[in-house]
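Chain naming here is simple, since letters A, B, ... match the order of the sequence lines and numbering starts at 1 in each. Just so you know, these numbers use all the heavy atoms, side chains as well, and skip hydrogens, waters and symmetry mates.
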2 protein chains.
Amino acid sequence: MDRLTQIEVFVKTAELGSLSRAAEVLGMSNAAASRHLAALEERLSARLIERNTRRLWLTEAGQEFLQRSSAVLNELTDAEEAINARTLSPTGLLRVTSSLSFALIYLAPMLPAFRALYPKLNVHIAAANRYPDFIEAGIDVAIRTRLHEPDTNIIVRRLGRMRRVLAASPAYLERCGMPKEPADLTRHDMLVYNLAADPFSLRLTKGDIERIVRISGALDSNDGQIIREAALHGLGILIQPLYIVQGDIEAGTLVPVLLDWDLPMLTMNIAYQNRVQLPAKIRVFTDFLVNYVRKNSSSQIWAG
Amino acid sequence: MDRLTQIEVFVKTAELGSLSRAAEVLGMSNAAASRHLAALEERLSARLIERNTRRLWLTEAGQEFLQRSSAVLNELTDAEEAINARTLSPTGLLRVTSSLSFALIYLAPMLPAFRALYPKLNVHIAAANRYPDFIEAGIDVAIRTRLHEPDTNIIVRRLGRMRRVLAASPAYLERCGMPKEPADLTRHDMLVYNLAADPFSLRLTKGDIERIVRISGALDSNDGQIIREAALHGLGILIQPLYIVQGDIEAGTLVPVLLDWDLPMLTMNIAYQNRVQLPAKIRVFTDFLVNYVRKNSSSQIWAG
DNA sequence: CGGTCTTTTCCACTAGGCGGAAAAATTGGA
DNA sequence: TCCAATTTTTCCGCCTAGTGGAAAAGACCG
């Protein structure tokens, strides 16, 4: 027997002045209602409602318990509804990690619209370059180009594939010449993102032709913005996702090279912990991000 | 499944950091505890505790619900314990009705000691001469000389049998003479308590001799104190329970007559409503009164 | 890599709760 | 005063929900 049901029967009977009507409202038989009330009175060792077949009235103990237990029922209902509402309209804090570049170019511009939809949900973005220990770092969502190592507890969801580009400053190209073939890259200062898979081996294709070039890094870093800054200062030729440098290219401060050759795509993924009930905040954020990227993607930057 | 048990499992698990330990403390199997927690999470559509086989931690929803539901559990426990305590240490108001005489001579002197034992219980005494409608008048206990008419809802408990006495003022006796035989009473002014059974027919006995005398009432009333005041003013001979006039007799302001003749005893009863669980206040009051009368009874006034 | 420990799930069993109906009781109207 | 109507309580047979034990699954440490 559910103790809360016992109290509900008592409260409803006191309100309606009839066990039968309470039973009806609560969707149970008269017999069940009678038993629930009797069980409550036995548990409290007190008669809460004096009653005969014609009328009923609260005892003094019943009046006191009605006041206190009504309050308790209301508070519990509020608490349960509040928790339930969180599932439907998420609140609290969502901790996201991505590269600085992705944060600057995609997350930051996206957040105003996201926050307008979910004003009670705060988003904290940690710029980082490696997958975190989700639990230890308290991270809810990670956005990375690499795949997370196979893990039953982490779900990886593909965001999209991004094109990459080779580019250098005009000053560098004037000083060091424009590379005409992939093989020319071996004689150039290359700016390398060292967290990429096999970062010092470049594979370029043109139609059916494939060239694999081993490069040496005049500079390598785990941060795309550092790579970009180095390129802007004429330190060499960078290879990076187009989305990071498109603004520079449009501004003329970086010049793309070997444009007729294709570089391997970069797959961008969202990763989050596998949970029995995915918190609403993770669900709404990942759905929003996927939609945002889909809507704001040009075929220049994103492919399939 | 008891919903309160579900919450108790959740709260205890959060406190102890282990489902197994919560199960142990709450006296249930690990399987049962696991099911209770899962049922609560399903009911709220929210994960309250993230957990694996090594550790567990509260979600944000879980932290909020822990705070609120702990408070609710505490309040409910307080409420239930308060009601339970009432049964053991009664509080509130007890409504008693008795004759004015009985109230003045027995109840009022008794109350200080009773209240010392039960300081939280207030006693309200209504002087009245007839049995009330218990429910309508909100009366808990009635003390009366007459038997309540047979009623499954009213319990009648005997308090004791009281002696009665005939008495008049010295002035009246000097003026009208001292009655020597029961038959003499027909020529005297009698002061009659008209709520007695067959008040105008007196039955007196001396050993094996019985005399039945029909009297006429110079005055009759439903209040013993009025009868007593009339006697003190020389209006006639009264017949009343000895306890009412013993003080006057000892003071010499009333003189007993026909003392060698016995009058029928008066049975004093306590009546209260029959309830499935007798409220503690009725139980403690009636027990106290019975004991008080037993301890303060002289064989002059009370008999077996 | 295996052992230890915890959580979850499965399974067989049974205790408890159900609704319907009968019993008991109360009140009002004829 | 009696009977009908209505409510509360109790009984009974049925059924399912909840149980504990054990196995399965998983996590972490030595």
J.: Nearest-Å distance, CG (A:Leu26) to P (C:dC18)?
T.: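 Roughly 12 Å, once rounded to whole Å.
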
J.: Figure out the CD1/P separation between B:Ile49 and C:dT7, and round it to whole Å.
T.: 10 Å

J.: Excluding sequence neighbours, so at least two apart, what forms ring-ring contact (aromatic ring centres under 6.0 Å, His included) with B:Phe114?
T.: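 If we apply the ring-ring contact (aromatic ring centres under 6.0 Å, His included) test to B:Phe114, skipping adjacent residues, the hits are B:Tyr118, B:Phe285, B:Phe288.
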
J.: Under 3.5 Å, which protein N or O atoms sit close to an N or O of nucleotides 4-10 of chain D? Give each pair with its distance.
T.:
from: D:dA5; atom 1: N3; to: A:Arg54; atom 2: NH2; distance (Å): 3.0
from: D:dT6; atom 1: O2; to: A:Arg54; atom 2: NH1; distance (Å): 3.2
from: D:dT7; atom 1: O4'; to: A:Thr53; atom 2: O; distance (Å): 3.0
from: D:dT8; atom 1: OP1; to: A:Leu19; atom 2: N; distance (Å): 2.9
from: D:dT8; atom 1: OP2; to: A:Ser20; atom 2: N; distance (Å): 2.8
from: D:dT8; atom 1: OP2; to: A:Ser20; atom 2: OG; distance (Å): 2.3
from: D:dT9; atom 1: OP1; to: A:Arg51; atom 2: NE; distance (Å): 2.7
from: D:dT9; atom 1: OP1; to: A:Arg51; atom 2: NH2; distance (Å): 3.4
from: D:dT9; atom 1: OP2; to: A:Ser34; atom 2: OG; distance (Å): 3.0
from: D:dT9; atom 1: OP2; to: A:Arg51; atom 2: NE; distance (Å): 3.4

J.: I need the CH2-P distance between B:Trp57 and C:dT7, as an integer number of Å.
T.: 12 Å

J.: Applying side chain to side chain donor-acceptor pair (under 3.5 Å), name anything that partners A:Asp287, two or more places apart in sequence or on another chain.
T.: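 Partners of A:Asp287 by the side chain to side chain donor-acceptor pair (under 3.5 Å) criterion, ordered by chain and then number, come out as A:Arg157.
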
J.: Can you sort out the partners of A:Ala22 under side chain to side chain contact (heavy atoms under 4.5 Å, CB included), two or more places apart, ordered by chain and number?
T.: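 In terms of side chain to side chain contact (heavy atoms under 4.5 Å, CB included), with neighbours along the sequence ignored, A:Ala22 is linked to A:Lys12, A:Thr13.
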
J.: Mind telling me whether A:Tyr292 and A:Tyr106 have parallel, tilted or perpendicular rings, with 30° and 60° as the class edges?
T.: perpendicular

J.: Rounded to whole Å, please give me the gap between CZ in B:Arg3 and C1' in C:dG17.
T.: 15 Å

J.: To the nearest Å, how far apart are B:Glu24 CD and C:dT6 P?
T.: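 Spelled out: CD on B:Glu24 to P on C:dT6 is 10 Å.
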
J.: Please state whether the phosphate of C:dG17, meaning OP1 or OP2, lies under 4.0 angstrom from any side-chain nitrogen or oxygen of A:His36.
T.: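 Answer no for this pair, as no side-chain N or O of A:His36 is under 4.0 Å from OP1 or OP2.
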
J.: Using the side chain to side chain donor-acceptor pair (under 3.5 Å) criterion, which residues pair with A:Glu64? Sequence neighbours excluded.
T.: A:Arg68, B:Arg86

J.: Nearest whole angstrom, please: distance from the C1' of C:dA25 to the CD of A:Glu50.
T.: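 My rounded result for the distance is 14 Å.
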
J.: A:Met1 has an atom CE; how far is it from atom P of C:dG19, in whole Å?
T.: 10 Å

J.: Please enumerate all residues that pass side chain to side chain donor-acceptor pair (under 3.5 Å) together with B:Asp2, with sequence neighbours excluded.
T.: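 Here the qualifying residues are A:Arg3, B:Thr5.
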
